[in-house]
Engineer: 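Below is a structure I'd like to ask you about.
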Amino acid sequence: MTDTLLAIVHMAIFPGGFFALALGFLYKALDRRVEARLQRRIGPPLTQPWLDAAKLLTKETLIPKTACRSAFLLAPVFGFTGMAVCAAFIPVPGVYSGLFNMGDLLVIFYLLPIPAMALMLGGSASSSPFGALGFSREMLLMLAYETPLLMILLAVAMLVGKGLGAESSGAEFSLLKIVAWQQENGSLGFNPAMIPALLAYLIFLPGTMGMAPFDVAEAETELLEGPLLEYGGPLLALFTVTSAFKTFVVLGLGVALFFPGVLGSWWPVNLVWFVLKCLALMLLSLTLVKSACGRLRIDQAFRFYVTVPTALALCSLVLVWLL
Amino acid sequence: MTSTAVNTFSIPLGPVHVALEEPVYFHLDVEGETIRKVELTSGHVHRGMEAMATQRNLTKNTTLTERVCSLCSNSHSFTYCMAAENVLGLDIPPRARYLRVLAEEIKRVASHLFNTAIQAHVIGFKSLFMHTMEVREIMQDVKETVYGNRMNLAQNCIGGVKCDLTPELLSYILDMVDKMEPGVEEIRELYATNSMVLGRTKGLGLLPKKDALRLGVVGPVARGSGINIDVRKDSPYAAYPELEFDTIVNDGCCIHSRTTVRLNEIFESFRLIRQCCRRVPEGPTKAPMRQIRAAEACARTEAPRGEVFYYIRTNATDIPARLKWRVPSYMNWEALGVMMKDCKVADVALITNSIDPCVSCTER
């Protein structure tokens with residue numbers, strides 16, 4: 001009973017739920033703000049994502065006459081639920097160690113594509129041709145960036161599994177153990193064999209977040225936001241909330257996989273340290289890349305993902321296997 | 001046949017679309033991501049300007065024609081004034097000829113930079129868009145300081161120019177051009193070397209020279225397809241015969257070659273602006289008005305987008321019996337069909353932007 005209660009608290013308040021949302025919105029605002037500063041603009045205030053979401057909530061829900069009503073309504077809920085659950089699995093090193101200590105890496109891998117699937121579902125249910133095009137682009141891109149992600153996770157799991165030796169059976173899929181092992185034996189981000197995997201993860205981030213140069217599915221100047229075109233009001237707000245959760249999840253996962261180091265044992269310090277590490281990861285892989293790039297065409301983006309990050313991740317996987 | 005019917009679907013692009021500055025409607029038949037057929041519908045911004053021109057007197061029409069278009073506003077009043085002067089038999093003073101060229105080239109720099117910036121916007125390169133617009137802002141400041149307006153300069157009038165430039169203003173323009181040139185140089189290098197920009201523009205939206213000649217395209221679109229035409233050289237007007245500049249031609253025939261032509265033309269415009277500021281002769285800026293006779297005349301100039309042609313017929317009253325103009329976008333428009341053949345959905349907005357369409361001019 002207490003376990004269930006605790007799980008609910010983790011999903012609703014910390015680290016999922018409110019905490020993930022607040023952090024996700026903060027990162028989204030900082031991302032826009034830093035990008036604006038890089039372009040010599042002022043940028044929106046840090047409260048802007050909250051204001052946007054609040055305004056969307058007051059708006060009317062419009063459903064296209066030709067849309068598939070149930071799928072159109074359920075898609076954002078589906079994406080939101082997936083990410084809200086996923087956020088509870090993200091460990092905050094030194095503060096919170098994850099929802100359960102067995103195979104949660106695999107659960108995260110299965111939960112991560114859910115927002116993209118929700119987008120595809122919503123896009124195709126909206127009956128708009130732009131939604132349909134966005135659907136096909138999103139699917140193509142997802143196939144391309146999920147492969148390197150799987151290899152990265154495998155490389156991490158194998159390396160830690162080898163490190164633990166007899167305690168584990170080859171590969172270790174528990175984030176708790178992965179984090180604990182790294183805290184004892186040094187972060188994987190500094191391990192030469194894992195540097196290609198880290199780079200691959202940094203490249204994976206803009207793709208999964210749908211940001212430039214890989215914002216092909218929502219491409220504003222081509223597809224007018226693609227799958228999101230017909231969405232408005234609370235449903236669109238749900239998509240932005242999902243995206244904020246996802247920001248927290250992918251950044252938190254990056255920190256857990258590569259830099260889970262802690263500063264002492266006092267939890268507030270570790271919490272701030274986690275927030276800063278996520279922020280650094282975001283600025284490096286999302287904001288800077290976004291402001292230095294234009295949008296690729298879908299064929300270019302697909303070709304890029306099946307070559308560069310896949311090769312990098314494979315490189316790490318082979319290195320881990322050999323060493 | 002049934003298989004194509006299943007595979008293709010149609011996409012409405014426009015009339016309101018983020019990547020288009022003005023309303024125009026594309027009906028695209030798409031197979032996957034590839035375009036199979038393009039149908040273009042326009043007419044959303046028809047304002048009946050040619051009819052309005054036959055209800056106003058010659059002087060008021062200068063103001064009206066300046067409002068045909070925004071980015072090449074000066075070219076319209078310029079050409080209209082030339083046509084009106086031809087019909088009146090006026091010869092404008094040398095100082096006015098130089099000042100007209102000066103205003104025209106300032107507008108050309110701003111127009112070309114605007115189009116280049118929009119290209120960056122269409123490919124989602126926001127930083128490059130902001131940077132190009134920031135450099136363009138210097139030219140906007142020049143317009144505001146010298147003429148008092150950022151878009152419509154209101155410099156031309158029948159018989160000469162309205163605003164005489166003091167030596168201080170001329171040296172201010174020279175300073176600003178010096179300040180702007182390194183910025184444009186940097187932008188030119190960025191567009192020539194950035195792999196993101198090249199990957200989206202090079203070898204796309206092809207308009208072979210043969211088709212360009214067949215369709216009679218004008219301006220940077222023609223010059224980007226290797227055709228050496230420029231009204232400023234081919235039928236010199238105002239002060240152009242006395243000034244040195246080159247016609248930029250590029251054989252690439254693609255989106256990138258049109259951008260290259262525009263960016264290089266900016267440097268030719270800088271050359272012209274410098275020459276105008278240094279060589280402008282002293283004297284009056286306006287010729288006195290003459291008796292209006294019943295006659296007809298025409299004039300043509302090189303606007304930023306290509307050749308602008310004006311025809312005027314008067315019937316001995318101050319209200320013209322007919323005023324008709326043909327704008328460059330009207331000619332370049334048709335080339336879109338060739339450029340968009342079998343292109344990707346992602347490239348439609350990019351190709352449209354590459355002809356620098358001016359919908360308001362064309363539909364007026």
Side-chain angles (χ1 to χ4, degrees), chain A residues 31-32 34-43 66 124 127-141 206 210-226 228-230 286-304 308, chain B residues 7-14 16-21 26-35 117-135 137 183 190-191 194-204 255 343-353:
Chain A
D31 171 52
R32 288 176 66 180
V34 172
E35 191 198 7
R37 287 300 160 99
L38 288 172
Q39 297 168 352
R40 284 193 227 174
R41 290 186 287 122
I42 296 170
T66 45
S124 52
S127 81
S128 145
F130 294 104
L133 264 181
F135 165 86
S136 74
R137 286 183 176 193
E138 182 76 54
M139 189 158 71
L140 207 59
L141 198 63
M211 284 190 180
F214 307 110
D215 54 344
V216 278
E218 289 163 35
E220 195 201 0
T221 47
E222 294 161 20
L223 297 186
L224 315 149
E225 304 291 341
L228 291 178
L229 177 60
E230 297 294 340
L286 299 179
T287 316
L288 288 183
V289 172
K290 184 164 82 168
S291 22
C293 286
R295 187 186 317 109
L296 290 172
R297 237 184 7 242
I298 179 67
D299 51 321
Q300 295 168 335
F302 183 78
R303 209 176 310 130
F304 178 79
V308 181
Chain B
N7 290 337
T8 56
F9 60 101
S10 59
I11 294 186
L13 206 108
V16 182
H17 190 282
V18 251
L20 305 169
E21 298 132 53
F26 296 96
H27 188 93
L28 308 172
D29 280 339
V30 179
E31 194 181 318
E33 283 261 342
T34 314
I35 308 242
I118 294 296
Q119 186 187 82
H121 166 67
V122 172
I123 60 174
F125 203 153
K126 287 183 204 148
S127 302
L128 187 55
F129 166 74
M130 291 302 296
H131 180 66
T132 313
M133 287 305 258
E134 205 184 339
V135 173
E137 201 56 29
L190 263 169
Y191 276 90
N194 189 294
S195 58
M196 282 280 173
V197 176
L198 288 180
R200 290 297 305 271
T201 56
K202 202 153 193 172
L204 282 165
I255 302 177
C343 76
K344 303 278 180 223
V345 175
D347 299 327
V348 173
L350 206 51
I351 291 172
T352 312
N353 179 65

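Computed from a prediction, not measured in an experiment: that's the story for all the values here. All chains are named by letter (A, B, ...) in the order of the sequence lines, taking the proteins before the strands, and each is independently numbered beginning at 1.
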Engineer: Using side chain to side chain contact (heavy atoms under 4.5 Å, CB included) as the criterion, point out the one residue from B/Leu204, B/Ile123, B/Val345 that pairs with A/Arg297.
Structural biologist: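 Among B/Leu204, B/Ile123, B/Val345, the one meeting side chain to side chain contact (heavy atoms under 4.5 Å, CB included) with A/Arg297 is B/Leu204.
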Engineer: How about B/Ser10 and A/Pro129: do any of their side-chain heavy atoms sit closer than 4.5 Å?
Structural biologist: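 Not touching, per the 4.5 Å side-chain cut-off.
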Engineer: Less than 4.5 Å apart, side chain to side chain, heavy atoms only: is that true for A/Gln300 and B/Arg200?
Structural biologist: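 A side-chain contact under 4.5 Å exists here.
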Engineer: When rounded to the nearest 0.5 angstrom, what distance separates CG in A/Asp299 from NZ in B/Lys344?
Structural biologist: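 A/Asp299 CG to B/Lys344 NZ: 6.0 Å, rounded to 0.5 Å.
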Engineer: Mind checking whether A/Leu296 and B/Met196 have side chains closer than 4.5 Å, heavy atoms only?
Structural biologist: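 In short, these two side chains touch, coming nearer than 4.5 Å.
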Engineer: Check A/Arg40, A/Lys290, A/Gln39 against B/Ser127 for a side-chain hydrogen bond (donor to acceptor under 3.5 Å, both in side chains) and give me the one that passes.
Structural biologist: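 The residue from A/Arg40, A/Lys290, A/Gln39 that satisfies side-chain hydrogen bond (donor to acceptor under 3.5 Å, both in side chains) with B/Ser127 turns out to be A/Gln39.
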